[in-house]
There are 2 protein chains.
Amino acid sequence: MPQHAINPNVSVDCVIFSFNNHELEVLLIERSAGNTDKVDEIKALPGNLIYEDETLDCAAERVLTELTGLENIFLEQVYTFGDPERISKKHDQDWLRSIRAHPEARVITVAYTSLINKERFNLTPSSFARNAVWMKVKNVPQLGFDHNDILEKALDHLKHKIYIEPLGYELLPDRFTLAQLQKLYEAILDDKFDKRNFRRKILRTSFIVPLNEKQQGVAHKPAGLYRFDKSLFHQM
Amino acid sequence: MPQHAINPNVSVDCVIFSFNNHELEVLLIERSAGNTDKVDEIKALPGNLIYEDETLDCAAERVLTELTGLENIFLEQVYTFGDPERISKKHDQDWLRSIRAHPEARVITVAYTSLINKERFNLTPSSFARNAVWMKVKNVPQLGFDHNDILEKALDHLKHKIYIEPLGYELLPDRFTLAQLQKLYEAILDDKFDKRNFRRKILRTSFIVPLNEKQQGVAHKPAGLYRFDKSLFHQM
DNA sequence: AAACTTAGTGTAATTAATACACATAGCCAA
DNA sequence: TTGGCTATGTGTATTAATTACACTAAGTTT
């Protein structure tokens with residue numbers, strides 16, 4: 001078996017979320033329909049076939065890096081999609097013919113997800129990604145393959161997860177206000193909370209610790225800044 | 001492509017739980033090491049390669065039926081295992097050579113799980129399952145492949161799920177006592193609860209409804225019987 | 001009739017969840 | 001410099017959920 005032989009039947013797709021202080025965003029790549037003149041851009045999640053000699057986790061990390069330039073992202077498996085028809089729509093096949101040795105092969109895909117603060121990373125798309133873009137989750141158009149379903153599942157995963165772990169310290173700046181944190185929870189859970197009750201609940205945890213600093217240069221009473229204390233969290 | 005062509009790279013494995021009134025049990029099949037004389041029985045989860053033209057969900061249901069005779073079991077996807085070395089241990093390879101066209105092919109496997117009341121189903125093992133047996137989860141020996149990891153993950157899945165859904169109405173008789181229900185929760189969560197607090201919490205839900213019947217022929221005060229009311233549950 | 005076994009029950013104390021309104025700090029514009 | 005703007009920050013009362021804890025009752029067995 002040659003090194004880095006490709007497994008034609010298994011791919012990984014990555015659903016990377018970020019937060020712009022108001023809404024959740026997701027990272028998409030732009031592909032162009034392979035065999036047409038018109039630049040028929042269809043967006044998709046970053047994903048590709050795995051190599052025979054790598055784990056699924058490694059494949060996800062590699063593929064994400066190859067397509068978007070994001071490195072050292074901690075990815076978590078979400079779900080596996082295996083409808084035999086999932087890649088056989090005409091415009092998906094057109095595009096696959098331009099990049100794959102066996103575009104018609106049955107491909108099941110393992111979805112991975114992560115949360116990142118997009119300010120901390122540069123996008124440098126390459127391989128078959130013409131471009132990599134952040135899109136508001138609420139504005140995501142029809143994607144290639146079954147990627148809308150995959151996105152949906154990753155969102156569900158995220159909603160469940162936020163009940164268990166204090167997510168979103170990945171998504172926020174190191175120093176953040178409680179209003180920012182509340183907006184993030186509201187964006188993920190697609191809900192609204194009472195400010196006083198939210199603050200009480202957050203501060204009860206005691207791993208969100210106040211810094212003795214305030215926001216600067218805002219046209220209103222400046223908010224106090226807080227940080228997430230990882231060691232306090234893990235010793236719970 | 002021939003009908004029912006096998007996809008050599010993707011399998012499904014099923015983790016089927018039942019409950020014997022004291023402990024959780026899991027359904028295993030027995031295989032014999034293919035190329036040796038001694039009947040070297042290794043147990044494994046029921047699982048096999050998928051067909052090219054079926055969904056993963058259908059593959060799981062089909063494979064379960066083929067190996068154990070269980071039909072119409074509602075299976076739920078848990079996790080996908082894809083270590084390149086997961087089937088390459090010697091005794092696993094020995095066995096695969098006896099049943100597979102390409103025993104050395106890289107196989108990733110999608111794990112499914114379900115809960116059933118074993119009293120309601122007959123096991124009729126066939127295909128390469130010499131036998132199908134229920135084993136107490138706590139007594140499960142070293143299994144073939146990475147099946148101990150898969151079982152572990154399915155157990156985690158179950159523990160999370162019981163917080164969300166009132167599981168285990170699958171696992172109990174139609175009419176059950178609150179003590180049976182409590183034992184089931186204790187078995188799944190590997191914990192002990194206070195009887196009064198447990199009863200209060202269960203009865204608060206109001207879809208566990210009392211029948212006006214009591215246990216018969218037990219050598220102590222007979223317990224009242226209850227049933228799970230699906231329609232009351234779903235209208236919540 | 002006494003012994004055995006599991007069923008069934010109540011209360012008090014603590015903690016969490018919910019609903020709700022107003023004074024305050026800093027900036028900006030008139 | 002004053003008044004207006006905007007988002008911050010705070011407390012209380014009510015209700016619901018959680019926890020801890022011990023004895024009597026019903027039926028069977030000996």
Side-chain angles (χ1 to χ4, degrees), chain A residues 19-23 159-160 162-166 172-173 175-228 233 236, chain B residues 19-23 159 162-166 168 172-173 175-228 233 236:
Chain A
F19 183 63
N20 65 8
N21 268 309
H22 297 282
E23 287 153 295
K159 286 181 194 178
H160 281 115
I162 203 172
Y163 282 111
I164 300 174
E165 289 182 56
L172 292 175
R175 308 177 314 147
F176 52 85
T177 70
L178 295 184
Q180 280 178 293
L181 185 60
Q182 183 174 346
K183 283 222 182 76
L184 174 62
Y185 271 73
E186 290 176 341
I188 291 177
L189 293 172
D190 199 12
D191 201 354
K192 287 273 175 199
F193 304 110
D194 176 85
K195 181 168 48 157
R196 280 177 287 193
N197 295 339
F198 180 82
R199 293 168 75 94
R200 182 173 22 238
K201 193 161 165 177
I202 289 296
L203 295 175
R204 204 185 307 150
T205 67
S206 83
F207 46 77
I208 307 287
V209 299
L211 299 160
N212 288 325
E213 294 178 72
K214 285 177 185 300
Q215 277 182 315
Q216 303 267 318
V218 284
H220 55 75
K221 177 172 176 177
L225 295 169
Y226 291 77
R227 69 185 177 80
F228 174 63
F233 170 65
M236 279 199 330
Chain B
F19 183 62
N20 65 8
N21 269 308
H22 296 282
E23 289 152 292
K159 287 182 193 177
I162 204 172
Y163 282 111
I164 299 175
E165 290 183 55
L172 291 176
R175 309 176 315 147
F176 51 84
T177 70
L178 296 184
Q180 280 179 294
L181 185 60
Q182 182 174 347
K183 282 223 184 77
L184 174 61
Y185 271 74
E186 291 176 341
I188 291 177
L189 293 172
D190 200 12
D191 202 353
K192 288 274 175 195
F193 304 111
D194 177 84
K195 180 167 50 158
R196 280 177 287 196
N197 295 338
F198 181 81
R199 293 169 75 94
R200 184 175 20 241
K201 192 160 166 177
I202 289 296
L203 295 175
R204 208 176 16 228
T205 68
S206 83
F207 45 78
I208 307 287
V209 300
L211 299 160
N212 288 325
E213 294 177 74
K214 285 179 187 300
Q215 278 181 314
Q216 303 266 318
V218 285
H220 54 76
K221 177 172 175 177
L225 294 170
Y226 292 76
R227 70 185 176 80
F228 175 63
F233 171 64
M236 280 199 326

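Numbered from 1 within each chain, the chains take letters A, B, ... in sequence-line order. Atoms considered below: every heavy atom in the structure, side chains included; atoms not considered: hydrogens, waters and symmetry mates. Note that the structure is predicted; figures quoted are calculated from it, not measured.
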So do A:Phe19 and A:Gln180 actually touch side chain to side chain, heavy atoms under 4.5 Å?
-> no
Between A:Gln182 and A:Arg199, is there a donor-acceptor pair closer than 3.5 Å when you use the side chain of the first and the backbone of the second?
-> no
Among A:His220, A:Arg175, A:Lys221, which residue meets the side chain to side chain contact (heavy atoms under 4.5 Å, CB included) test with A:Gln215?
-> A:His220
If each of B:Lys214 and B:Asp194 is mapped to the nucleotide of DNA chain D with the nearest heavy atom, which maps nearer the 5' terminus, i.e. the 5' end?
-> B:Asp194
Would you say the base of D:dT18 and the side-chain of B:Arg196 have a donor-acceptor pair closer than 3.5 Å?
-> no
Atom-pair distance (CG on A:Asn21; P on D:dA7), nearest Å = 14 Å
Give the intermediate values and the outcome of side chain to side chain contact (heavy atoms under 4.5 Å, CB included) for residues B:Ile208 and B:Phe228.
-> CA-CA 5 Å; B:Ile208 307 287; B:Phe228 175 63; 4.1 Å; yes
Flag if over 12 foreign heavy atoms under 6.0 Å of NZ, A:Lys159 | yes
Figure out the CG/P separation between B:Leu181 and C:dG8, and round it to whole Å.
-> 13 Å
Which of residues 215-222 of chain A have a heavy atom under 4.0 Å from DNA chain D?
-> A:His220, A:Lys221, A:Pro222
Taking atom C1' of C:dG8 as reference, at what distance in whole Å does atom CD1 of B:Ile202 sit?
-> 16 Å
Nearest-angstrom distance from the residue atom CG of A:Leu203 to P of D:dT8 | 14 Å
Closest non-hydrogen contact found for A:Phe193 with A:Glu186 is N-OE2, 2.9 Å
Integer-rounded Å distance: C:dG8 P and B:Lys201 NZ | 20 Å
Mapping B:Ala179 and B:Asn197 onto DNA chain C by nearest heavy atom, which one lands closer to the 5' end?
-> B:Ala179
Quick one: the side chain of B:Arg200 and the base of C:dT9, do they pair up donor-acceptor inside 3.5 Å?
-> no
5' precedence on DNA chain D between B:Arg204 and B:Lys195 (nearest-nucleotide basis) = B:Arg204
How would you list, by chain and number, every residue that makes a ring-ring contact (aromatic ring centres under 6.0 Å, His included) with B:Phe198, sequence neighbours excluded?
-> B:Tyr185
Within this structure, what is the CD-to-C1' distance between A:Gln182 and D:dT10, rounded to whole angstrom?
-> 14 Å
Value in whole Å for how far the C1' atom of C:dA7 lies from NZ of B:Lys183 = 12 Å
Is the shortest side-chain N/O distance from B:Arg199 to OP1 or OP2 of C:dG8 below 4.0 Å?
-> yes
